[in-house]
Amino acid sequence: MITTVLLCTLLVFAVGVCNGLQHNHVLEEFEPVSQPPNRVSLWPLPQKAQISDVSFKLASSSFRIVDDKDSAGTGCVLLQDAYKRYFEYIFGFAKKSGASRSRTTDQAELTELKVLITSRDSECDGFPSLTSDESYKLIVNKRSAVLTASKVWGALHGLETFSQLVYEDEYGAKTINSTKIHDFPRFAHRGILLDSSRHFLPIKVILANLETMAMNKFNVFHWHIVDDQSFPYMSRTFPQLSVKGAYHPYTHVYTPDEVKMVIEFARLRGIRVIPEFDTPGHTQSWGKGQTDLLTPCYSGSKPSGTFGPVNPILNTTYDFMGQFFKEISSVFPDAYIHLGGDEVDFTCWKSNPDIQKFMNEHGFGQDYTKLESFYIQKLLDIVSTTSKGYMIWQEVFDNGVKLKPDTVVHVWINGGSNEEMGNVTAAGYTTILSAPWYLDYISYGQDWQKYYRVEPLNFNGTEAQKKLVIGGEACLWGEYVDGTNLTPRLWPRASAVAERLWSDVGVTDISDAFNRLSVHRCRMVERGIPAEPLFYSYCPHEYKGV
Ligand SMILES: *[C@@H]1O[C@H](CO)[C@@H](O)[C@H](O)[C@H]1NC(C)=O
Ligand SMILES: *[C@@H]1O[C@H](CO)[C@@H](O)[C@H](O)[C@H]1NC(C)=O
Ligand SMILES: *[C@@H]1O[C@H](CO)[C@@H](O)[C@H](O)[C@H]1NC(C)=O
Ligand SMILES: *[C@@H]1O[C@H](CO)[C@@H](O)[C@H](O)[C@H]1NC(C)=O
C-alpha cells in the first residue's frame, strides 16, 4: 500500500488509476463510513458531557424555548431572536417535509427549554469581546430542560448544543436524551478570515457564513475587507476610495448600512467583527481614490507611472490615516482593528530618490525594514489615539516595531511557525495562530484531518508563554474564491479548526471526529448550508440546491 500511495503521489497525472487505489486505501482507515444515521453528534465536543439512555420526545406543537422566570435575560431581543432560530433548526425541516409524525406514544415528552441568565448584566445589548464569558450549563431531564449561563454569549452556545442533542428516531420523531453538559471554550479567539477584495463577496454569502460560524461556535469574523485588487468599503470620510477603488462603485461595495447589518447579524450570534485595513503594502486599490497616498516608483531618474506601498515620507499620509482610522474606529465597535503590515515589497521604495534622501536623513542606511517600521510606528500611534487595540501580522513583530503591550500578533508564515509562537510569546505578546490553517490551499483527500491534528500550544515555551496564545483563525483568502464556491470550500473544513479551538486538548481521536463531523456536516446541509462531503456518505436530508 505504501508503494502504491507513493507511486500515486509521483504519478499525479495518472488520475484515473490512482483515484481508485486511494479510495481503497482510505476505506481501510475508516470502516463503516457510508451512512451517517440519525444519531447525536456534538461538534465541537463540549468540555464535559454525560448523555444517558433515558429519552424524551419533542413535538413542534408543544415544545417551547422560554426565559426562566428568574433570568436576568428576560425579554432580551438577542435571546428571543435565537429562540426562534433554534426552534426552526430543531423542527424546520420536519415541518416543511411533514416528516415529523405525531405518533402517540407513552414515552415522556420534553415540552420546555428554560434559559436562565444568572449575571445581573446579561450583556444582551452589548457586543461580545475577547473577555466575554461564553460558558454554559445544560441539563435535560424529566419534562423540562434548563440552560444556565452567566451571559447571553454562553446561552447562544448552549442553544446550539441543545439543538445538536435533538435527533430523529427511526420513525422521524424528534428525540432527546437526558443529558448533563458543562461547557466553555479552550481558546477565547476563534476566528474565520474572509477576503472581500480579491473577489467581492455578496452580503448574503457573508451572512450565511456568520450563521455557519455560530453552528461551529466560532466567535470572530476577521473581515479582510480591502486589498490591492479592490476597495469595496464605502467610506463616509473618503468616498472616492470605493468610487475609484471598488470593482464597481455601486454594485461591488459595502455601504455603511450593510456594514452595520453585518455587525449586528454577527452580534446576535455572539460573533465579533474585526476589520482589517492592511497597510503599507497591499494597498494598490487605495491609490486610485486617494492621490499621493502611494509611493511613485521610478524607472531610472523618472517616475514610471506605477505605484508602490503607502508613501511613508509625506505628512499628508499620516493626516489621511488619522482621519480614516477615526472613521473605522467609530464604524466597527470591536476593541480591536487589524492593521495588517504583511509582505511589504521594497522595490518601489528603493527606486524613489525622495525616499532614498529620507532614508539618509533618518540614518536608516539601506535597511528598508527600518522605513517600514517608521511608518508602522506612526500608524500605531495614530490608531492608539482612537483607543482601539490592534492586531498585526507577524512581520511587524519580526521587524522589531515597538508595540503596545496589548497588541495581538498574528502568526501566519508556515515554516517555523512553532518557533515564531515561542518568539512572540517570549517577548510577552498575545498571539493567535493561522499558519497551519490556510484553507484556501486545497488538495485531494481529507485535508480537514491535517487542520484537526494541529496543536496550537505545541511550541517550546513556559506556561506563562502558553497563556498568551488566545486562539487562532482559519483563513480563506479570495484569489480563487467568490460567492459561488466560498461556503462549500470553507465548510466543513473550518469545522476541524473550530473543534481544535473550542474542545479540550485531549480531544484528538480522528476516527471519532470523522464520525461526529460527518453528522455535523449533514446537520449544516439540513440547515441549508452547502457544506461539502468529507468522503463517501449520504445525508438523511440532502441538499436541494438554492
Ligand atoms: C439515547 O437513548 C437511547 C435509548 O432511549 C439509546 O439507545 C441511545 O444510545 C442514547 N444516545 C446516546 C448518545 O447516549
Ligand atoms: C511634516 O511634519 C513635521 C513634524 O510635524 C514637520 O517638522 C515638517 O516640517 C512637516 N513637513 C512638511 C513638508 O510639511
Ligand atoms: C526566533 O528568535 C531567534 C532568536 O532571536 C531567531 O534566531 C529566530 O530566527 C526566530 N525565529 C523565527 C521563526 O523568526
Ligand atoms: C523544542 O526544542 C527542542 C530542543 O531545542 C527541539 O528539538 C524541538 O524540536 C522543539 N520543539 C518544537 C515544537 O519546536
Side-chain angles (χ1 to χ4, degrees), residues 44 46-49 63-90 110-141 144-166 179-191 207 210-211 213-221 260-274 332-336 387 389 470-471 498 501-502:
Q47 299 285 342
K48 288 182 196 125
F63 181 76
R64 292 288 172 267
I65 306 176
V66 296
D67 294 324
D68 185 277
K69 65 176 172 28
D70 296 325
S71 177
T74 306
C76 167
V77 173
L78 176 147
L79 288 176
Q80 296 299 326
D81 189 71
Y83 299 168
K84 220 174 118 202
R85 190 163 68 246
Y86 281 104
F87 186 89
E88 282 292 319
Y89 280 153
I90 293 167
L110 185 79
T111 54
E112 221 173 42
L113 171 64
K114 285 186 186 157
V115 178
L116 172 63
I117 306 292
T118 55
S119 171
R120 268 183 50 200
D121 178 9
S122 69
E123 296 182 8
C124 175
D125 299 318
F127 288 91
S129 75
L130 183 58
T131 54
S132 289
D133 184 344
E134 298 181 279
S135 66
Y136 67 92
K137 287 196 177 109
L138 180 59
I139 293 177
V140 180
N141 64 12
S144 126
V146 181
L147 166 60
T148 310
S150 166
K151 309 286 184 185
V152 292
W153 318 119
L156 290 173
H157 294 314
L159 287 165
E160 174 61 40
T161 300
F162 180 85
S163 74
Q164 296 190 359
L165 285 168
V166 177
T179 300
K180 269 191 197 162
I181 287 177
H182 179 206
D183 200 13
F184 50 87
R186 180 177 173 214
F187 293 104
H189 184 118
R190 306 178 306 280
L207 299 187
L210 288 167
E211 188 74 27
M213 283 172 66
M215 296 174 199
N216 290 274
K217 298 188 170 72
F218 274 108
N219 67 354
V220 176
F221 170 36
K260 240 189 208 161
M261 189 211 290
V262 167
I263 293 168
E264 179 62 4
F265 191 92
R267 186 188 80 83
L268 292 174
R269 285 152 186 80
I271 297 169
R272 304 162 58 198
V273 178
I274 300 182
F332 292 90
D334 198 81
Y336 284 85
S387 83
I470 55 169
L501 293 174
W502 179 281

Just one of Val146, Leu147, Val66 clears the side-chain contact (heavy atoms from CB on, under 4.5 Å) bar with Leu113, so which one?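 Of the listed options, the one satisfying the test is Leu147.
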Could you state the interatomic distance from [atom1] ([X]) to [atom2] ([Y]), rounded to the nearest 0.5 Å?
X      : Y      : atom1 : atom2 : result
Ile181 : Thr148 : CD1   : OG1   : 12.5 Å
Arg267 : Glu264 : CZ    : CD    : 4.0 Å
Ile90  : Glu88  : CD1   : CD    : 10.5 Å
His157 : Asn216 : NE2   : CG    : 11.5 Å
Ser129 : Trp153 : OG    : CH2   : 8.5 Å
Leu210 : Met215 : CG    : CE    : 11.0 Å

Between Arg269 and Arg85, is the side-chain contact (heavy atoms from CB on, under 4.5 Å) condition met? List the steps. CA-CA 10 Å; Arg269 285 152 186 80; Arg85 190 163 68 246; 3.6 Å; yes
For [X] versus [Y], what's the shortest heavy-atom pair and its separation?
X      : Y      : answer
Leu138 : Gly158 : CD2-O, 4.1 Å
Tyr136 : Trp502 : CE2-CZ2, 4.3 Å
Ala266 : Val273 : CB-CG2, 3.6 Å
Cys124 : Val152 : CA-CG1, 4.0 Å
Ile65  : Phe87  : CD1-N, 4.2 Å
Ser122 : Gly73  : CB-CA, 4.3 Å

Decide yes or no on side chain to side chain donor-acceptor pair (under 3.5 Å) for Asp67 and Gln80, but give the supporting numbers first. CA-CA 9 Å; Asp67 294 324; Gln80 296 299 326; 3.2 Å; yes
side-chain contact (heavy atoms from CB on, under 4.5 Å) between Leu78 and Asp81, intermediate numbers included: CA-CA 5 Å; Leu78 176 147; Asp81 189 71; 5.8 Å; no
Donor-acceptor check, side chain of [X] to backbone of [Y], threshold 3.5 angstrom: yes or no?
X      : Y      : answer
Thr74  : Asp70  : no
Asp133 : Gly154 : no
Asp334 : Tyr336 : yes

Given the rule in the side-chain contact (heavy atoms from CB on, under 4.5 Å) test, do Arg186 and Gln47 qualify, once you have shown the distances and angles that lead to the verdict? CA-CA 9 Å; Arg186 180 177 173 214; Gln47 299 285 342; 4.2 Å; yes
What I'd like to find out is whether the side chain of Lys137 reaches to under 4.5 Å of the side chain of Thr118, using heavy atoms alone.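 Sidechains of Thr118 and Lys137: no contact.
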Please tell me if the side chains of Phe127 and Ile263 come closer than 4.5 Å, counting only heavy atoms from C-beta onward.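 Yes - at least one pair of side-chain heavy atoms lies under 4.5 Å apart.
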Show, in sequence, the C-alpha distance, side-chain angles and deciding distance for Phe265 and Glu211, and conclude whether the side-chain contact (heavy atoms from CB on, under 4.5 Å) test is met. CA-CA 9 Å; Phe265 191 92; Glu211 188 74 27; 3.4 Å; yes
With respect to Glu134, which candidate in Arg190, Lys217, Lys151 satisfies the side-chain hydrogen bond (donor to acceptor under 3.5 Å, both in side chains) definition?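 For Glu134, the side-chain hydrogen bond (donor to acceptor under 3.5 Å, both in side chains) test succeeds with only one of Arg190, Lys217, Lys151, which is Arg190.
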